[in-house]
Amino acid sequence: MRIVVKVGTSTLAYPTGHMNIRRVEELCKTLSDLKNAGHEVILVSSGAIGMGVGKLSLKGRPADIPTKQAAAAVGQCELMYTYDRLFSEYNHTVAQILLTAADFRDEVRSTNFSNTLLRLLELEVLPIINENDTVATEEISVGDNDTLSAMVAVNASAELLVLMSDIDGLYTADPHKDPNATLIPTVHALTDEIMALGGGKGSSLGTGGMKTKLHAAEICMSAGCDMVILNGSNPLNLYDLLEGRPVGTRFCSH
Ligand code: GLU
């Protein structure tokens, strides 16, 4: 199975901006194992800005664009250095791909991207994708990695997109506020009621939230790709998912 796995900043880093080492190690081990089992894995990783904030000892997520872009430039190195090191331990080679929305809009660039991606998969490389934050200002950026990962999944004709987040899945209400909120295991159609569960933004260092995840589901489902929201605090959830045990919220495209 060809799977795109997206991990958010809240999964990879502590609120301080420093890396959650145990989490990242578990993630790399699990993804390596899935590759060993024969799955094709593409990772869309956030965390560049968050880790740049940690490395530069900034007080919080920067508000101005040049500092944000500088933090991304620093943090992206840290991110790839870590992935390269951890995946090498399991004999997997990684590749970095940085994209913006303009790359998907332009037919030539988008074809170049899919050709490269497919060739990397043939070469058994694990592509790691992020937004090219250093050049992406509002008019050309995708803006959040939930949407970016959905665009990647469709472009790569993946069968499944997994969004690993700091929440177990989609709930009937905000579980941080409503004790009666229950997890919705399966979504077959993005009705107005489901879309209304979007709410606002997620963590302090990341960009997404449920709203961008539902937008990602729209992109995936209309292209025939399933999407699952899983809690990234336990990367072993990926085994449950691929072995057919109920976990997270699945958005079924068929
Ligand atoms: N590209 C951003 C980063 O690496 C993250 C965007 C997002 O969290 O959705 O920091």
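Heads up: numbering here begins at 1 and tracks the sequence. Remember, it's 1-based here, ligands and their atoms both numbered in the order they're listed. Since the model is a prediction, treat every value here as computed from it, not as a measurement.
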Sequence neighbours excluded and cut-off under 3.5 Å, please list the side-chain donor-acceptor pairs for residues 44-55, or say none.
from : atom 1 : to   : atom 2 : distance (Å)
S45  : OG     : Y83  : OH     : 2.8
S46  : OG     : N145 : ND2    : 2.8
K55  : NZ     : E78  : OE1    : 3.2

Inset, instruction - Please confirm whether G143 comes within less than 3.5 Å of ligand 1 when only nitrogen or oxygen atoms on both sides are compared. - result: no

Inset, instruction - State, to 0.1 Å, how close T11 and G232 come at their nearest heavy-atom pair, and which atoms those are. - result: CG2-O, 3.5 Å

Inset, instruction - Return a yes/no value for D146: is any of its N or O atoms, backbone included, closer than 3.5 angstrom to an N or O of ligand 1? - result: no

Run the side-chain donor-acceptor check on residues 150-163: report pairs under 3.5 Å with partners two or more places apart or on a different chain.
from : atom 1 : to   : atom 2 : distance (Å)
N155 : OD1    : S114 : OG     : 3.4
E159 : OE1    : R2   : N      : 3.0

Inset, instruction - Please determine if R61 has a nitrogen or oxygen closer than 3.5 Å to a nitrogen or oxygen of ligand 1. - result: no

Inset, instruction - Could you list which atoms of ligand 1 come closer than 4.0 Å to a heavy atom of D144? - result: 9 (O)

Legend entry - Distance-only polar pair, side chains of D226 and S253, donor-acceptor under 3.5 Å: yes

Inset, instruction - Establish, from distance only, whether the side-chain atoms of D144 and H215 form a donor-acceptor pair under 3.5 Å. - result: no

Inset, instruction - Taking only heavy atoms of G47 into account, list the atoms of ligand 1 that are under 4.0 Å away from them. - result: 3 (C), 4 (O), 10 (O)

Legend entry - ligand 1 contacted by A72 (non-hydrogen, < 4.0 Å): no

Legend entry - Contact partition for I49 relative to ligand 1, non-hydrogen atoms under 4.0 Å: both

Legend entry - Sub-4.5 Å side-chain heavy-atom contact between I184 and L197: yes

